Amino acid sequence: AAQTAKLMELNTRIPQAFYFHGVANFYLGRFETAEKALVQLEQSGHARDYPMSYLQMGIMNARQGEIPVAAKDFTQFLRYMPAEQVSVAQRQRIEQQLTKWDAEGVIDLEALEAEIDSEGK
């Protein structure tokens, strides 16, 4: 976390620095700092290159009660993370959570997927 903070001070145009800074702070439990770095990564247009960032953002947003935002993050994680890099069990847990939120009426999964499709074009 300290090394990536220094790197980000020196050059704010290195997406890897935002990603690794976000990851390091996520695992250190510094969620506010992690979120800032991962939001910067997304704003840079490089988040798809680091799909784990979507999973981490989803976890943080879910913890904050931002379920629609978390659902979008989880959906993007499932979409952009290569299938062979995610365990079947992890993928299923995320899909089950999304289905549960959809059944509870907290999100509209079909509309969410359409929104992500339209953003990707």
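Note that these values count all heavy atoms, side chains included, but never hydrogens, waters or copies made by symmetry. Quantities reported herein were computed from a predicted structural model and do not represent experimental measurements.
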Those residues that, when tested against Tyr50, pass side-chain hydrogen bond (donor to acceptor under 3.5 Å, both in side chains) (two or more places apart)
none
Point-to-point distance, once rounded to the nearest 0.5 Å, from CZ of Phe20 to CG of Leu41
10.5 Å
Hey, could you give me each pair passing side-chain hydrogen bond (donor to acceptor under 3.5 Å, both in side chains) that has a residue in residues 67-87? Not counting sequence neighbours.
Arg48-Tyr80, Asn61-Asp73, Lys72-Glu115, Lys72-Glu119, Arg79-Asp117
Which atom of Pro82 lies closest to which atom of Pro51, heavy atoms considered
CD-CG, 4.4 Å
Would you say Gln90 and Leu55 make side-chain contact, with heavy atoms under 4.5 Å?
yes
How far apart are the closest heavy atoms of Ser53 and Leu38, and which atoms are they?
CB-CD2, 3.7 Å
Locate the shortest heavy-atom distance separating Phe31 from Met60; write the atom from each residue and the value.
O-SD, 3.5 Å
Salt bridge (Lys or Arg N to Asp or Glu O under 4.0 Å) contacts in which one or both residues fall within residues 15-36, not counting sequence neighbours:
Glu32-Lys36
Taking every non-hydrogen atom, the tightest pair across Ala83 and Arg91
CA-NH2, 3.7 Å
Is there a path of hydrophobic side-chain contacts, each under 4.5 Å between heavy atoms, that joins Phe74 and Met52?
yes
With Thr4 via side-chain hydrogen bond (donor to acceptor under 3.5 Å, both in side chains) - residues at least two apart
His21
From Gln40 CD over to Tyr19 OH, what is the distance, rounded to the nearest 0.5 angstrom?
16.0 Å
Within one Ile-Leu-Val-Met-Phe-Trp-Tyr cluster: Tyr27 and Leu7, side-chain cutoff 4.5 Å
no
Considering only distance and modelled atom types, tabulate donor-acceptor pairs under 3.5 Å from the side chains of residues 8-16, sequence neighbours left out.
from: Asn11; atom 1: OD1; to: Arg13; atom 2: N; distance (Å): 2.8

Measure across Ala70 and Gly58 and return the closest heavy-atom pair with its distance rounded to 0.1 Å.
CB-O, 3.4 Å
If hydrophobic clusters are built by linking Ile, Leu, Val, Met, Phe, Trp and Tyr wherever their side-chain heavy atoms come under 4.5 Å apart, do Ile67 and Ile116 end up in the same one?
yes
Evaluate the criterion side-chain contact (heavy atoms from CB on, under 4.5 Å) for residue pair Gln56 and Phe77; output intermediate values, then yes/no.
CA-CA 9 Å; Gln56 292 159 340; Phe77 168 73; over 6 Å; no
Side chains of residues 98-110: which donor-acceptor pairs under 3.5 Å do they make with residues two or more places apart or in other chains?
from: Thr99; atom 1: OG1; to: Glu95; atom 2: O; distance (Å): 2.9
from: Asp102; atom 1: OD1; to: Leu109; atom 2: N; distance (Å): 3.0
from: Asp108; atom 1: OD1; to: Glu110; atom 2: N; distance (Å): 3.3
from: Asp108; atom 1: OD1; to: Ala111; atom 2: N; distance (Å): 3.1

